[in-house]
Undergrad: 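Please see the structure below; I have some questions.
Below, chains carry the letters A, B, ... as their sequence lines are ordered, and counting in each starts from 1. Values below: every heavy atom of this structure, side chains too, minus hydrogens, waters and symmetry copies.
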Number of protein chains: 2
Amino acid sequence: METRELRYFVAVAEDLHFGRAATRLGMAQPPLSRAISQLERRLGVELFHRTSRAVSLTEAGTVLLREGRAALDAVEAAERRTRRASENPGLVLASKAGAAGEILAKLLDAYAAEPGSVAVDVVLCRVGEQEKLLRDGRADVALLHLPFDSTAGFDVEELSTESQVALFPAGHPLSTRPHLRMSDLAELPLPRWPSADGVYAPGAGPEVHDHTQLLQLITLGRAIAVLPESCRTQLGDDIATVPVLDAPLVTTVIAWPPHSRSRALAGLILAATRL
Amino acid sequence: METRELRYFVAVAEDLHFGRAATRLGMAQPPLSRAISQLERRLGVELFHRTSRAVSLTEAGTVLLREGRAALDAVEAAERRTRRASENPGLVLASKAGAAGEILAKLLDAYAAEPGSVAVDVVLCRVGEQEKLLRDGRADVALLHLPFDSTAGFDVEELSTESQVALFPAGHPLSTRPHLRMSDLAELPLPRWPSADGVYAPGAGPEVHDHTQLLQLITLGRAIAVLPESCRTQLGDDIATVPVLDAPLVTTVIAWPPHSRSRALAGLILAATRL
DNA sequence: CGTTTCCATACCCCCACGGTATCGCTGCCG
DNA sequence: CGGCAGCGATACCGTGGGGGTATGGAAACG
């Protein structure tokens with residue numbers, strides 16, 4: 001199977017429409033239809049149920065969409081990492097914008113002080129995006145937060161664990177309580193984060209994808225959030241925090257793709273575990 | 001980057017010889033040379049140092065060899081799993097031949113008794129081969145043994161932990177001791193297992209790649225081995241066992257590729273954790 | 001200095017991929 | 001009920017690129 005075929009298949013599988021997929025791919029519809037039929041013939045597998053009115057994935061097609069995306073990511077990663085290996089020897093670290101600020105600063109300082117350390121580019125990305133960056137080679141290493149981010153397929157080292165606090169606009173009735181339980185927050189407008197594929201679950205709270213956005217919504221009284229306690233250092237006095245006793249503990253981990261064990265990466269991980 | 005180009009590159013990188021690589025690929029040498037040059041031009045990266053006498057990998061080439069192999073495995077996995085998804089709904093479980101016999105039997109029985117279970121094909125493979133099978137889609141799930149096998153990149157659940165015993169031919173002087181330490185075995189012909197790439201470390205002991213082979217060598221007095229205690233159930237009375245107090249504990253885990261979460265696989269994993 | 005051993009270059013051919021035109025099916029609306 | 005619009009499949013054509021053979025040219029070796 002060629003990556004071109006995979007890209008075509010994924011495009012069609014994503015919008016379930018040959019015409020639109022073809023436009024996205026910058027080609028005409030007939031050769032795309034043909035390419036997919038050929039792929040099906042070569043695999044000996046039907047990938048789509050087609051009526052002249054609608055297209056849908058078969059069982060096998062669903063498998064190929066999942067596995068094919070992973071494969072394309074791996075190919076892209078190979079390409080990008082090769083390019084980077086030749087031009088600069090630095091590392092790219094991905095982290096959620098607004099989260100892990102303190103630990104990130106300490107890590108960068110500690111690593112920079114090591115003998116033989118290389119330049120570290122920091123990519124601050126939207127929630128949940130780190131995994132994708134790590135998988136397709138745009139990043140070499142990432143800071144993730146359990147239990148929110150998935151570490152599936154990566155090697156990890158735990159860095160720190162902390163409890164969570166609720167964030168209220170100053171003056172909110174609950175903000176004077178010494179502590180809370182999750183059940184106290186059940187009826188409040190908790191924000192909804194996008195899942196790995198960028199889709200939001202249906203629900204009541206506002207949709208957010210980074211911390212700045214969230215803090216602003218809280219200040220405006222449009223949202224309440226539960227965040228790791230370390231976020232306090234970034235808050236002004238227009239937001240009050242209250243410990244939430246039964247919120248899950250948040251673990252910050254450093255994660256990297258399991259095979260890539262360069263000297264520079266090993267040094268960074270070592271520096272991280274020694275924090 | 002197309003998988004064809006990657007396959008060409010990996011072939012050349014593996015034997016560092018354009019002529020031989022071309023033969024292996026079933027093509028002539030000139031088009032292969034050209035394909036590699038094109039790849040280098042498109043990537044903007046030199047992958048090989050060539051003199052007209054010898055070929056060697058550059059830094060970037062080394063990266064592409066590692067990442068490219070992973071990418072090719074992922075593509076192959078996508079293809080194989082898609083094929084299998086369409087023809088039969090069963091699972092393929094990989095396990096070392098000769099190891100984990102008892103736990104494997106119990107697992108298969110327990111899972112088969114579940115409602116809605118599917119057929120499970122068992123692939124008994126050589127030591128260290130399970131990871132490759134899991135990565136390239138020939139298996140859906142595998143039994144691995146820590147700390148020997150690497151679980152890098154897989155999701156795992158621990159199944160059992162056991163201590164190790166030394167195996168001697170009947171009548172060996174050490175076989176009557178109540179217990180031993182690793183240092184007692186330092187001078188003895190411990191066998192050498194192949195690493196993930198099938199290469200044996202240099203050393204004194206005999207090269208082995210499965211348990212039958214090993215047991216025969218022990219019976220013949222040509223080797224001594226340290227194995228998990230559960231192997232006792234498979235031994236005849238021509239082999240004696242002695243506990244080794246400071247040998248590392250062996251953990252049997254069930255491992256699977258992190259994204260593939262089919263209903264059938266989830267059932268098997270559940271059955272395994274309940275053993 | 002001839003010979004051998006490699007990889008690169010030159011040149012040719014053909015297939016496969018992409019484009020345009022069109023067909024055929026199906027659901028919708030007047 | 002018929003015309004139409006939407007969409008995928010089919011037919012046919014042109015070209016670029018991937019593969020083949022022949023050969024060049026550099027380096028090691030006797």
Undergrad: Below the 4.0 Å mark, does dG8(D) have OP1 or OP2 next to a side-chain nitrogen or oxygen of Ser33(A)?
TA: no
Undergrad: Measure from CD1 on Ile36(B) to P on dT9(C) and round the result to the nearest Å.
TA: 14 Å
Undergrad: Considering residues at least two apart in sequence or located in another chain, which fulfil the side-chain contact (heavy atoms from CB on, under 4.5 Å) criterion with Ala152(A)?
TA: Ser150(A), Asp155(B), Pro258(B)
Undergrad: Kindly state which residues belonging to residues 15-23 of chain A come within less than 4.0 angstrom of DNA chain D, counting heavy atoms of the residue only, listed by number.
TA: His17(A), Phe18(A), Gly19(A)
Undergrad: What does nucleotides 17-26 of chain C look like as a protein-contact string, B for base, S for sugar-phosphate only, - for none, at under 4.0 angstrom between heavy atoms?
TA: SBBBB---BB
Undergrad: If the condition is ring pair (Phe, Tyr, Trp, His ring centres under 6.0 Å), which residues does Phe9(A) pass it with, not counting sequence neighbours?
TA: Phe48(A)
Undergrad: If you count heavy atoms of other groups shown closer than 6.0 angstrom to CD of Gln216(B), is the number above 12?
TA: no
Undergrad: Can you sort out the partners of Glu2(A) under side-chain hydrogen bond (donor to acceptor under 3.5 Å, both in side chains), two or more places apart, ordered by chain and number?
TA: Thr3(B), Arg7(B)
Undergrad: Whole angstrom is fine here: how far is it from CG in Leu39(B) over to C1' in dG19(D)?
TA: 17 Å
Undergrad: Residues two or more places apart in sequence or in another chain: which of them pass side-chain contact (heavy atoms from CB on, under 4.5 Å) with Ser37(A)?
TA: Arg41(A), Arg50(A)
Undergrad: Pairs in or reaching into residues 21-38 of chain B: which pass salt bridge (charged side-chain N to carboxylate O under 4.0 Å, His left out), with residues at least two apart or in two chains?
TA: Glu14(B)-Arg24(B), Asp15(B)-Arg24(B)
Undergrad: What is the bend of the helix from dC1(C)-dG30(D) to dG30(C)-dC1(D) when you compare the axis at one end with the axis at the other, using five pairs each and rounding to 10°?
TA: 10°
Undergrad: I'd like to check the salt bridge (Lys or Arg N to Asp or Glu O under 4.0 Å) partners of Arg192(B); sequence neighbours left out, ordered by chain and number.
TA: Glu207(B)
Undergrad: Return the value, rounded to whole Å, for the distance between atom CD of Glu46(A) and atom C1' of dA9(D).
TA: 14 Å
Undergrad: Look at Glu129(B) together with Lys96(B) and state whether they make a salt bridge at an N to O cut-off of under 4.0 Å.
TA: no
Undergrad: Output all residues satisfying salt bridge (Lys or Arg N to Asp or Glu O under 4.0 Å) with Arg20(B), sequence neighbours left out; order by chain, then residue number.
TA: none
Undergrad: Return the value, rounded to whole Å, for the distance between atom CG of Leu47(B) and atom P of dC7(C).
TA: 15 Å
Undergrad: I'd like to check the side-chain hydrogen bond (donor to acceptor under 3.5 Å, both in side chains) partners of Glu67(A); sequence neighbours left out, ordered by chain and number.
TA: Arg81(B)
Undergrad: Once salt bridge (charged side-chain N to carboxylate O under 4.0 Å, His left out) is applied, what residue pairs with a partner in residues 55-64 of chain A remain, sequence neighbours excluded?
TA: none
